[in-house]
*Asks:* 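I'd like to ask some things about the structure below.
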Amino acid sequence: MAEKKKRPYLYEVDILRLIFITGVLLNHTTSMMGGHMGVGSWENHFLDATHLSLHFTRMGFMFITGLVLFLQHYHKELDVWSFWKKRYLGVGIPFVSWTAILLAGDLIGTGNFSWAAFWPKFGYLVTHGTDYYMYYIIVTMQLYLIFPALVWLFKHFKHSHGQILLVSFLFQIIMLVFIKYGLPHLDTSGGHFCLKTMALVCWSTSSTLSWGRLRQFITMPSSNLLRPIIASLGGVRWCWPWERLVSITTI
């Protein structure tokens, strides 16, 4: 029997995870510090001017999730139902369990625990993910839902990844403009929460396999100096060792 080829391990993903975890800790730490600064002070102005630069971690974690999923499933036959079962159980059980534990702890800590208070709040949290920073799990579940369609898209149009990258970029810009200038003026009280968090998925995952095209534009010598700067601003796609990554992901 032929030995199964072992997939190369991307240690760079671990490095990026460390960077993103550090960014999340810095984000929340500086947020807590901001509450103790004097309004209008130079410290407060400096924090306001720099704080948003730490939000790249959200898109970064989603990018890594999409990258790892494609590396695991792109070059083999994808059983949709088995994929959904494995992924939804894998994230759903911890998500529901920790939401229940944290909510119960909050209610007990405030002396307000009762099952009548627990269950309505619990049902809201597992469908909205608004507390305990669980919204990322909701977005990840959305990615799992559309991932088989993304795989089909890239395989069906395997010679058009550059066009897919361009369309996904334009679509993301349209989404961002709509969320920034249109969504705040719409009544979304009757809409599902999941529809409001979809923007994180579009650009971060749809460009995962388009590296071969994108690499042509940024492999100039100066890019070695630019990559850390771009990565610090949230452009995590440019900080990879290109020859290794492209050799793994190119179709």
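Numbers for residues simply follow the sequence, beginning at 1.
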*Asks:* With a 6.0 Å cut-off on ring centres, are Y74 and F154 close enough?
*Replies:*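 No, the ring of Y74 stays outside the 6.0 Å limit from the ring of F154, centre to centre.
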*Asks:* Does a side-chain heavy-atom distance below 4.5 Å link T110 with D106?
*Replies:* no
*Asks:* Answer whether the closest heavy-atom distance between the side chains of T140 and F61 falls below 4.5 Å.
*Replies:* no
*Asks:* Quick one: are V139 and R58 in side-chain contact, heavy atoms under 4.5 Å?
*Replies:* no
*Asks:* Angle between ring planes, W119 versus F122, binned at 30° and 60°: parallel, tilted or perpendicular?
*Replies:* perpendicular
*Asks:* Taking atom types as modelled, find out whether T65 and Y136 have a side-chain donor-acceptor pair closer than 3.5 angstrom.
*Replies:*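 Distance-only check passes for T65 and Y136.
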*Asks:* How about M134 and T99: do any of their side-chain heavy atoms sit closer than 4.5 Å?
*Replies:* yes
*Asks:* Taking the ring of Y135 and the ring of H128, is the distance between their centroids below 6.0 Å?
*Replies:*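 No, they do not, as the ring centres are separated by 6.0 Å or more.
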*Asks:* Applying side-chain contact (heavy atoms from CB on, under 4.5 Å) to L69 and R87, what does each step give before you reach the verdict?
*Replies:* CA-CA 10 Å; L69 283 176; R87 294 293 171 173; 3.5 Å; yes
*Asks:* Please state whether the rings of W84 and W81 are parallel, tilted or perpendicular, taking 30° and 60° as the class boundaries.
*Replies:* perpendicular
*Asks:* So do F20 and I64 actually touch side chain to side chain, heavy atoms under 4.5 Å?
*Replies:*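 Result yes, sub-4.5 Å side-chain heavy-atom pair found.
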*Asks:* Angle between ring planes, F113 versus F118, binned at 30° and 60°: parallel, tilted or perpendicular?
*Replies:*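 If you compare the ring of F113 with that of F118, the planes turn out tilted.
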